[in-house]
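Proteins get letters first, then strands, A, B, ... in listed order; numbering begins at 1 in each.
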Amino acid sequence: QSALTQPASVSGSPGQSITISCTGTSSDVGAYDSVSWYQQHPGKAPKLMIYDVTNRPSGVSNRFSGSKSDNTASLTISGLQAEDEADYYCTSYTTTSTRVFGGGTKVTVL
Amino acid sequence: QLQLQESGPGLVKTSETLSLTCTVSGGSISSSSYYWGWIRQPPGKGLEWIGSIYYSGGTYCNPSLKSRVTISVDTSKNQFSLKLSSVIAADTAVYYCAGEIAAPEIHYYYGVDVWGQGTTVTVSS
């Protein structure tokens, strides 16, 4: 299985909105609504930010939202804040019951 | 609150077998909600899913690692383990154990609900 495709980096100014894409295939992203997103700060374990394409776990800011169209999922961060500067990874369930991660996107707050 | 803790050698010689154990506390490894898995992250690189196991023994593995990976569970100790054979330098990474919420029988996957803190394993001759 190949890693999902994410942009290497995305940047934005405080208060702006940014969107990170995650492109897969009909065997993973396009197959089920089982796409999740993780935030990872340097030296820390990842944190689940979005599950089931659009849902936020308890405690995650509503500035984070997710969507999906065909084989591409997206994570949008609205009202960008300094604390949002981190690496973001998408992951998808696959038709063979495995999981596949995206390559990761570094978000920089200008 | 569920917590995970990895343990094992920080240095493994090339061609040998990497062995890690994850201890589950604050809950039972026999929980019907969880798959217990391993995820790794080479220095400066992204996350890679290695594989997962259900408490009753059903396992799923990354096809690219499947021939070298063994994941097992010990319900009596509330632990699960990873063995990666014939290691090379490219297997150097931070290894995380993880609790995933999934239901393969209905093709459902929530994601990783709980992470260990990660343990660094270096492969060197």
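- Within the 4.5 Å cutoff, side-chain heavy atoms of Y35(B) are placed close to those of R99(A).
- S92(A) is not listed as a side-chain neighbour of Y109(B), based on a closest heavy-atom distance of 4.5 Å or more.
- Tracing side-chain contacts under 4.5 Å through hydrophobic residues (I, L, V, M, F, W, Y), one never reaches M49(A) starting from Y38(A); they form parts of separate clusters.
- Within the 4.5 angstrom heavy-atom criterion, no atom of A98(B) approaches chain A.
- Linking ILVMFWY residues whenever their side-chain heavy atoms come closer than 4.5 Å, directly or via other members, places Y60(B) and L20(B) in the same cluster.
- Nearest heavy atoms, Y96(B) versus Q40(A): OH-NE2, 3.3 Å.
- At a heavy-atom cut-off of under 4.5 Å, chain B is reached by P57(A) from residues 57-78 of chain A, listed in order of number.
- With chain A as partner, the option from Q117(B), Q41(B), K45(B) having the largest number of non-hydrogen pairs under 4.5 angstrom is Q41(B).
- Between L48(A) and V112(B) the shortest heavy-atom distance is CB-O, 3.8 Å.
- Residue contact with chain B, scored on non-hydrogen atoms closer than 4.5 Å, is absent for Q6(A).
- Side-chain contact annotation: D52(A) with Y108(B), donor-acceptor N/O pair under 3.5 Å present.
- For a heavy-atom cut-off of 4.5 Å, chain B lies close to Y32(A), S34(A) in residues 27-35 of chain A.
- In this structure, no portion of I101(B) lies under 4.5 Å from any heavy atom of chain A.
- Screening T94(A), T91(A), T98(A), V100(A) for a side-chain contact (heavy atoms from CB on, under 4.5 Å) with W49(B), the sole residue that qualifies is T98(A).
- Looking only at side-chain heavy atoms (C-beta outward), E48(B) and F101(A) stay at 4.5 Å or farther from each other.
- Both V69(B) and V123(B) are assigned to one and the same hydrophobic cluster, defined by single-linkage of ILVMFWY side chains at heavy-atom distances under 4.5 Å.
- Note on V94(B) and L65(B): same hydrophobic cluster, where clusters join Ile, Leu, Val, Met, Phe, Trp and Tyr whose side-chain heavy atoms are under 4.5 Å apart, directly or indirectly.
- Residues P46(A) and W115(B) are in side-chain contact: their nearest non-hydrogen atoms beyond the backbone lie under 4.5 Å apart.
- With a 4.5 Å cut-off on side-chain heavy atoms, Y93(A) and P104(B) count as touching.
- Linking ILVMFWY residues whenever their side-chain heavy atoms come closer than 4.5 Å, directly or via other members, leaves I20(A) and L110(A) in distinct clusters.
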